[in-house]
Amino acid sequence: MKSYVAQRLGIAILTLVGMSIVIFTLLRLAPGDIVDILFSTAGYVNESEKQAILKELGMDRPYWIQYLDWMRQILTGDLGKSYRYDVPAWEVIRPLVPVTIELAVLSIIVAVVLGVPTGVISAVRQDTTLDYVLRVLSLAGLSMPSFWLGMVIILGMVSWLGWIPPLTYVKPTENFRAHAIQFALPALAVGYRSSALIMRITRSSLLEVMREDYIRTAWAKGQAERVVIWHHALKNAILPVVTVIGIEFAFLIGGLVVTETVFNLPGVARFLVQAILWRDYPIVQNLVMFIAIVVILSNLFVDMLYGVLDPRVRYGG
Amino acid sequence: MVASPVGVPVDLVVVGAPARPGWGTTLGRFIRRKPLGAAGGAITAIMLVTAVLAPWLQTHDPIATDATYTLGRPNAEHWLGTDHLGRDIYSRIVHGAWVSLLVGVGSTLMGSVLGGIIGLLSAYVGGKTDLITQRLLDILQGLPLLVLALVMSASLGPSVRNVIIAISIPIIPRAARVIRASVLSIREMQYIEAARALGVRHLRTAFRHILPNTVGPFIVLCTAQLGSAILVEATLSFLGLGIPEPYPSWGRMLSVSAAEYAQKAPHLVLFPGIAISLAVFGSNLLGDALRDTLDPRLRGSR
């Protein structure tokens, strides 16, 4: 077990190094840099001033030195300075992290609460009208862009309830009710989409388990349907579902990019888009690395969880 | 009676083989067994026809603005209303089908073909090459599709070609995985051993004898990716990093503030989103049904 974890961690670190190279290269390929954008807003270009700013930001150095510098910063926990805000990158990112984590956790809760029970019902009532309706509804969830669903929710709230989404972020300590509403709506929009995947996996996994001998034995013993399904079958069927929840958690961040924009929430994802548009490299590369680390750690965590949930799983070689 | 090369009368050989069902029969059976899949196919076909016939289906010039009739409600003149610049929404949606399909199909095909070739070679060669390829693909797959596409399209700059490239790159590792898995099992089959024993060269074995047998998984892969490619295009365009103006893109049409226009013109938000959802819904339905039909291992799992 220990050597397995060490091996997995080793691969994870190699993957992260590879990602950092990809991200770094991609951002340097981009046409135009922050200086161009600063000058285009100012409306004139002064070549010597431009060089001075480039030098101050360390952008006149060769790429490989800039890359090594970035790696050194990550290892020492100093994430460099934001080009745009002229403050340490970490100070800009830190207040955004809790917003995104709160939204992601809420969305996953919505997704599981919606997805697992509907998946079970759909499997138990396989090929009935109810099953078809639930499947079409879940596929519809996968087909709607979550940002559009968010817009439609806002639209409905505005025209029926006269509710207008707050333009600024409300802290939970200031006004808890406003904060809860502000987060509930985007969590619903994102969670519905993720629930579709969870529902489909729950359904197919449960269908497979229901065909096994021990379930037939449970039926034969005269166990109630409720006990057979929720106690015997779901216990074994839930394993693939846990994997999907782990993957979804990581991929949620992708969905949050637009949802945070639509709902005006100051999270990591919305900020990533703004930083990309501004070519604020320290922010972008650190945010993308942050997302990559979350993705890889959650994959690792799910694999470890397997051993806890299913004693038959043994790690090795 | 004519004799076949092996000496058996030809009509005997023919009688033994079951008649191959024609296209019409196969299609009819598909519709009967997979009504949802057929509905998905129909939606996809309608989208294809709309995209191709856009110039004839339009009622107005999709990029012509009309300052006298902005945010107009749907009426007999403008079937789905007009946007904040007075452009006809129906005509823009019809043309948007072409952009959406072009980017969706283009990036799916590019990503799947590149990924497929990588997966095929990686699995066929095996050993260290396979291991290293897998680790490299891990790097590309470690990021959410949208985040990678976002960084890619920002660094390439906004144009239709660049958006196709940006969306196709994240598809590569996913396609490579699927094709690799199917090649790994085909590689061990006896007819491959036979081909090698007969002296067929490696490249020919891989592309002539293994590749045709991965067509099933490949088609399933493409239909499954098409929906998500269309979604990513819409999202990129919504964020202003996708299809540039003046192309009418569904995602870009939505990049107005919902709160701002909700009272005056909800159709501005509703119709382009319905178009995106329907297109993705159709290809998802079709993809699901094709997966059940073409991939027997997944039969029953749905």
Side-chain angles (χ1 to χ4, degrees), chain A residues 11 14-16 18-19 21-23 26-32 132 135-136 139-140 142-145 147-159 164-165 167 200 203-205 207-208 250-255 257-258 261-262 269 272-273 276-277 279 284 288 291-292 295-296 299, chain B residues 35-36 39-40 135-136 138-157 227-228 230-232 234-236 238-241 250-251 254-259 261-263 266 269-270 272-274 276-285 288 298 300-302:
Chain A
I11 292 176
L14 275 181
T15 312
L16 283 173
M19 270 180 193
I21 295 174
V22 171
I23 296 160
L26 274 177
L27 288 176
R28 266 66 188 180
L29 283 178
Y132 269 88
R135 275 162 65 200
V136 167
L139 205 60
L142 272 182
S143 310
M144 279 187 267
F147 67 91
W148 180 65
L149 195 59
M151 292 170 94
V152 172
I153 291 177
I154 294 180
L155 210 73
M157 298 294 268
V158 172
S159 38
I164 289 166
L167 289 175
R200 287 153 69 96
R203 180 178 183 279
S204 66
S205 165
L207 277 179
E208 222 158 89
F251 276 73
L252 255 175
I253 299 174
V257 168
V258 264
T261 308
V262 168
L272 173 67
V273 178
I276 286 176
L277 293 174
R279 309 249 177 273
V284 176
V288 176
I291 293 171
V295 171
I296 283 174
N299 284 345
Chain B
L36 286 180
R135 291 287 84 79
L136 288 177
D138 274 348
I139 294 175
L140 278 183
Q141 209 171 12
L143 282 174
L145 202 153
L146 184 62
V147 173
L148 186 55
L150 204 65
V151 176
M152 288 276 314
S153 79
S155 70
L156 293 169
S228 74
I230 293 176
L231 267 186
V232 173
T235 310
L236 287 180
F238 171 76
L239 292 171
L241 287 163
W250 292 340
L254 283 173
S255 58
V256 289
S257 161
Y261 292 116
Q263 302 283 359
V269 172
L270 286 179
I274 291 172
I276 299 172
S277 307
L278 258 184
V280 180
F281 188 61
S283 66
N284 279 348
L285 278 180
D288 266 18
L298 292 164
S301 63
R302 275 177 277 191

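Model, not experiment: these values are computed from the prediction.
Smallest separation of non-hydrogen atoms from A:Met151 and B:Leu254: CE-O, 3.1 Å. Of all non-hydrogen atoms in A:Leu142 and B:Leu231, the two that sit nearest each other are O-CD1, 3.7 Å.
Remark: A:Thr261 OG1 to B:Phe238 CZ distance equals 6.5 Å, nearest 0.5 Å. The distance from atom CD1 of A:Ile276 to atom CG of B:Leu239, rounded to the nearest 0.5 Å, is 9.0 Å. Going from atom CG of B:Asp288 over to atom CZ of A:Arg200 covers 4.0 Å, rounded to the nearest 0.5 Å.
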Given side-chain contact (heavy atoms from CB on, under 4.5 Å), test A:Val22 with B:Met152 step by step and report yes or no.
-> CA-CA 10 Å; A:Val22 171; B:Met152 288 276 314; over 6 Å; no
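When each of A:Leu16, A:Val136, A:Leu14, A:Leu149 is checked for heavy-atom pairs under 4.5 Å with chain B, A:Val136 comes out on top. Listed options B:Val232, B:Leu150, B:Leu136 were ranked by heavy-atom pairs under 4.5 angstrom with chain A; first place goes to B:Leu150. With chain B as partner, the option from A:Ile23, A:Val288, A:Ile296 having the largest number of non-hydrogen pairs under 4.5 angstrom is A:Val288.
The parts of B:Ile139 that come within reach of chain A are both its backbone and its side chain, each placing non-hydrogen atoms under 4.5 angstrom from that chain. Neither the backbone nor the side chain of A:Ile21 has a heavy atom closer than 4.5 Å to any heavy atom of chain B. Neither the backbone nor the side chain of B:Leu278 comes within less than 4.5 Å of any heavy atom of chain A. If you measure heavy-atom distances from B:Leu241 to chain A, the contacts under 4.5 Å come from the side chain alone. Only the side chain of B:Leu36 comes within contact range of chain A, with at least one heavy atom under 4.5 Å from a heavy atom of that chain.
No hydrogens or angles considered: nothing links the side chains of A:Thr15 and B:Asp138 as a donor-acceptor pair under 3.5 Å.
The shortest side-chain heavy-atom distance between B:Leu285 and A:Arg135 does not fall under the 4.5 Å cut-off. Considering only heavy atoms from C-beta on, A:Trp148 stays 4.5 Å or farther from B:Ile276 through its side chain.
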